[in-house]
A.B. asks: 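This structure is in structure tokens; I'll ask about it shortly.
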Protein chains: 2
Amino acid sequence: MTVTLADVAARARVSPATVSRVLNGNYPVAASTRERVLRAVDELDYVLNGPASSLAAATSDLVGILVNDIADPFFGIMAGAAQTEISGQEGSGRAGGEKLAVVCNTGGSPGRELTYLTLLQRQRAAAVVLTGGALEDPDHIAAMAAKLAKLADAGTRVVLCGRPPLPGSEAVVAALAFDNRGGGRRLTEHLLALGHRRIGYVAGPPERTTTRHRLEGHRAALAAAGIDEDQSQVTVHGPYARRSGYDATLELLRRDPDLTAIVAANDTVALGACAALRDQGLRIPEDISVAGFDDLPFSVDAVPALTTVRLPLHEAGARAGRLAMGNEAPPPGGIATIGAELMARASTAPPRKG
Amino acid sequence: MTVTLADVAARARVSPATVSRVLNGNYPVAASTRERVLRAVDELDYVLNGPASSLAAATSDLVGILVNDIADPFFGIMAGAAQTEISGQEGSGRAGGEKLAVVCNTGGSPGRELTYLTLLQRQRAAAVVLTGGALEDPDHIAAMAAKLAKLADAGTRVVLCGRPPLPGSEAVVAALAFDNRGGGRRLTEHLLALGHRRIGYVAGPPERTTTRHRLEGHRAALAAAGIDEDQSQVTVHGPYARRSGYDATLELLRRDPDLTAIVAANDTVALGACAALRDQGLRIPEDISVAGFDDLPFSVDAVPALTTVRLPLHEAGARAGRLAMGNEAPPPGGIATIGAELMARASTAPPRKG
DNA sequence: CTGTTAGCGCGTTCAC
DNA sequence: GTGAACGCGCTAACAG
């Protein structure tokens with residue numbers, strides 16, 4: 001039924017071992033033999049049996065990329081860059097020694113995250129890239145650290161991209177962490193410099209590193225400016241979604257109608273915030289300023305163009321891909337912090353005098 | 001080093017076969033035995049060897065989802081829905097009989113598309129879902145048809161989602177095609193009803209089914225309204241990207257400054273078009289109307305809100321996932337057309353008199 | 001309900 | 001430079 005290595009060997013009048021050698025290209029083979037084998041492969045339309053070769057070699061060419069939300073370009077950009085770096089730019093359809101780079105959508109669920117890791121472990125994946133913020137629940141952290149240690153132990157390269165180093169797991173090849181705290185601080189400093197004092201904050205889901213770090217940066221800037229009031233009144237948490245920005249903004253306005261600026265957990269949330277403000281008849285930035293985070297492609301096209309913090313998602317993803325392939329030396333200590341740059345645009349302006 | 005089925009069997013004082021049976025849950029096993037085995041699995045932290053079991057069973061739990069651009073929510077939404085349907089909503093980290101749903105980013109390259117299919121074939125994937133428009137190059141169509149036939153032959157379920165049925169391949173379980181032609185026609189009819197007569201069109205890349213069908217719908221509406229001039233003057237092709245919409249719009253304005261409306265290949269392109277128009281000092285929709293396609297989440301938040309055509313991406317992806325799992329009966333003839341609904345919003349209005 | 005026996009298809013020592 | 005033999009870890013018949 002299905003053609004095997006032995007069939008190819010018979011047709012090429014060589015031994016199975018030789019066929020294996022030309023296919024893997026790791027041993028010297030006479031040019032004439034190699035050609036004969038390749039021809040037989042073509043004529044028979046032979047496709048290597050992945051499971052069999054993985055079993056025999058005790059490794060596979062699978063590389064998993066985990067994302068929290070595949071419908072969010074934040075993850076799509078990183079994953080795409082990593083995948084390109086791993087699978088190679090072009091493809092002939094032949095499929096030589098390529099890796100199979102593959103993205104897995106956890107939906108932000110810790111259970112699914114662990115399940116995917118187990119599934120990848122089961123496949124003896126060559127590498128795993130974890131993108132985006134992590135959940136800070138102690139149980140989950142412990143479970144993740146244990147799982148990653150086991151993966152690393154089995155020879156799987158583990159790379160973190162846009163995620164802070166996991167406490168208690170030195171099993172990781174490299175962690176590329178975004179400077180969310182610094183970015184958050186600079187963004188709020190920008191607002192403070194414009195003269196804002198009453199700033200609402202639409203935060204991401206609690207217990208996520210990304211959420212916490214951005215919020216900490218925000219509050220650090222406020223504290224440095226001598227704004228010491230309790231911020232919990234003007235902070236609302238919610239998922240990283242447009243809808244959340246919309247609802248939270250209405251809530252913030254209800255709590256404090258005198259806010260002169262709103263900082264959102266990310267650009268998507270900021271867009272929802274803008275919609276809510278418009279629906280309330282408020283003009284941006286004349287009546288109220290808005291800022292986001294990430295600088296996703298659509299942010300520059302928003303009206304008004306969104307002030308935000310740029311994260312080099314593409315570069316980070318590509319670098320993670322290279323690290324996963326072993327094509328780049330890990331940073332010193334295995335940890336690199338990736339800068340976050342303020343992009344001041346039209347959605348922020350000085351508050352109204354009055 | 002790594003613990004195997006035999007280790008578990010020894011610890012549970014049963015035969016390897018029994019362990020296999022409780023793990024796969026396909027044979028009756030005494031409750032007491034099953035519990036003993038499960039405990040041993042836990043104590044030993046055993047993880048099934050995927051390649052070995054795939055080899056023995058001649059099937060795998062891998063399901064591939066191919067997308068043209070993972071950074072584009074159009075694909076992200078479909079892929080996410082399909083993946084959820086396949087992998088299940090929740091996850092305990094245990095990984096029982098779950099499938100490993102996995103998305104592969106072709107970047108729109110035919111070579112990479114074939115490479116990924118070969119890689120999935122090599123893994124003996126349980127199913128493959130192809131999303132989005134297809135390339136119309138005859139060679140590529142033939143190669144794809146052959147490849148899909150071979151996959152189907154090897155027991156892999158093939159499902160098309162948002163892609164028209166492949167001519168010459170009846171190997172496909174089901175094809176869910178979007179009504180791009182109908183949607184395109186209704187959109188342009190809407191513009192015509194508003195009074196527009198000079199309409200520019202920013203098309204997608206040539207030789208893509210999606211591009212062609214949307215354009216055909218557009219032109220069908222024009223023809224039905226008696227507008228028979230050569231449309232090639234007011235049509236510009238480009239990738240499905242923001243930048244393309246920007247550049248193409250400038251080009252269209254140069255060719256015909258009297259355009260009263262611009263139809264874009266999709267919402268992302270439409271956003272770029274809007275940016276270009278604003279940069280030219282034109283107001284939307286007072287000076288010129290703009291329309292997109294897909295109704296991605298951000299489109300309703302654009303300013304002004306974007307008139308577009310809604311595609312039920314989530315539903316289509318979920319259905320494709322169910323079809324891939326064999327959890328839903330294929331439509332009659334294996335082909336279903338999915339409706340596209342006009343969403344008339346603020347970015348379109350009657351043209352200026354004068 | 002459970003143990004025994006064979007392979008699944010390939011990579012990898014060894015010899016030659 | 002090439003072939004022969006063995007085993008990777010598991011599932012699928014068969015018994016019993």
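Every heavy atom of this structure was used, including side-chain atoms; hydrogens, water molecules and symmetry mates were not. Bear in mind that the values here come from a model prediction, so they are computed numbers and not experimental data.
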A.B. asks: Which residues in residues 7-16 of chain B have at least one heavy atom lying under 4.0 Å from any atom of DNA chain D?
C.D. replies: none
A.B. asks: Check side-chain hydrogen bond (donor to acceptor under 3.5 Å, both in side chains) between Asn49(B) and all other residues, then give those that pass, not counting sequence neighbours.
C.D. replies: none
A.B. asks: Is it true that Ser87(A) and Tyr116(B) share a donor-acceptor pair across their side chains at a distance under 3.5 Å?
C.D. replies: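 Note: Tyr116(B) and Ser87(A) side chains meet the donor-acceptor criterion.
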A.B. asks: Looking at every heavy atom in both Asn105(B) and Asp69(B), which two are closest together, and how far apart are they?
C.D. replies: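 Minimum heavy-atom separation between Asn105(B) and Asp69(B): OD1-CA, 3.4 Å.
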A.B. asks: Not counting sequence neighbours, which residues clear salt bridge (charged side-chain N to carboxylate O under 4.0 Å, His left out) with Lys150(A)? List them please.
C.D. replies: Asp45(B)
A.B. asks: For dT2(D) and Thr33(A) - does any side-chain N or O of the residue sit under 4.0 Å from the phosphate oxygens OP1/OP2?
C.D. replies: yes
A.B. asks: What pairs with Glu43(A) under salt bridge (charged side-chain N to carboxylate O under 4.0 Å, His left out), at least two apart in sequence or on another chain?
C.D. replies: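 Expected list: Arg11(A), Arg39(A).
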A.B. asks: Going by distance alone, is a donor N or O of one side chain under 3.5 Å from an acceptor N or O of the other, for Asp153(B) and Gln121(B)?
C.D. replies: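 No, Gln121(B) and Asp153(B) have no side-chain donor paired with an acceptor closer than 3.5 Å.
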A.B. asks: Taking CG from Asn26(A) and C1' from dT13(C), how many angstroms apart are they, rounded to a whole number?
C.D. replies: 15 Å
A.B. asks: Considering only dG3(C), dG3(D), dG1(D), which nucleotide approaches the side chain of Arg21(A) most closely?
C.D. replies: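 Minimum distance to the Arg21(A) side chain belongs to dG3(D).
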A.B. asks: Could you state the atom-to-atom distance from CZ of Arg34(B) to P of dC1(C) in whole Å?
C.D. replies: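 To the nearest whole Å, that distance equals 11 Å.
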A.B. asks: Identify, with sequence neighbours excluded, every residue that meets salt bridge (charged side-chain N to carboxylate O under 4.0 Å, His left out) alongside Glu136(A).
C.D. replies: Arg212(A)
A.B. asks: In whole angstroms, how far is the P atom of dG9(D) from the CD atom of Gln123(A)?
C.D. replies: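 It works out to 15 Å between those atoms.
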A.B. asks: Identify each atom pair where a protein N or O and an N or O of nucleotides 7-10 of chain C are less than 3.5 Å apart, giving names and distance.
C.D. replies:
{"residue": "dC10(C)", "atom": "OP1", "partner": "Tyr46(A)", "partner atom": "OH", "Å": "2.0"}
{"residue": "dC10(C)", "atom": "OP2", "partner": "Leu5(A)", "partner atom": "N", "Å": "2.5"}

A.B. asks: Find the distance Glu35(A):CD to dG1(D):P and express it as a whole number of Å.
C.D. replies: 16 Å
A.B. asks: Just to be sure I understand the rule, does Ala30(B) reach a base, reach only the sugar-phosphate, or reach nothing, if contact means heavy atoms closer than 4.0 Å?
C.D. replies: sugar-phosphate
A.B. asks: State whether the number of non-hydrogen atoms from other residues, nucleotides or ligands found under 6.0 Å of His140(A) atom NE2 is greater than 12.
C.D. replies: yes
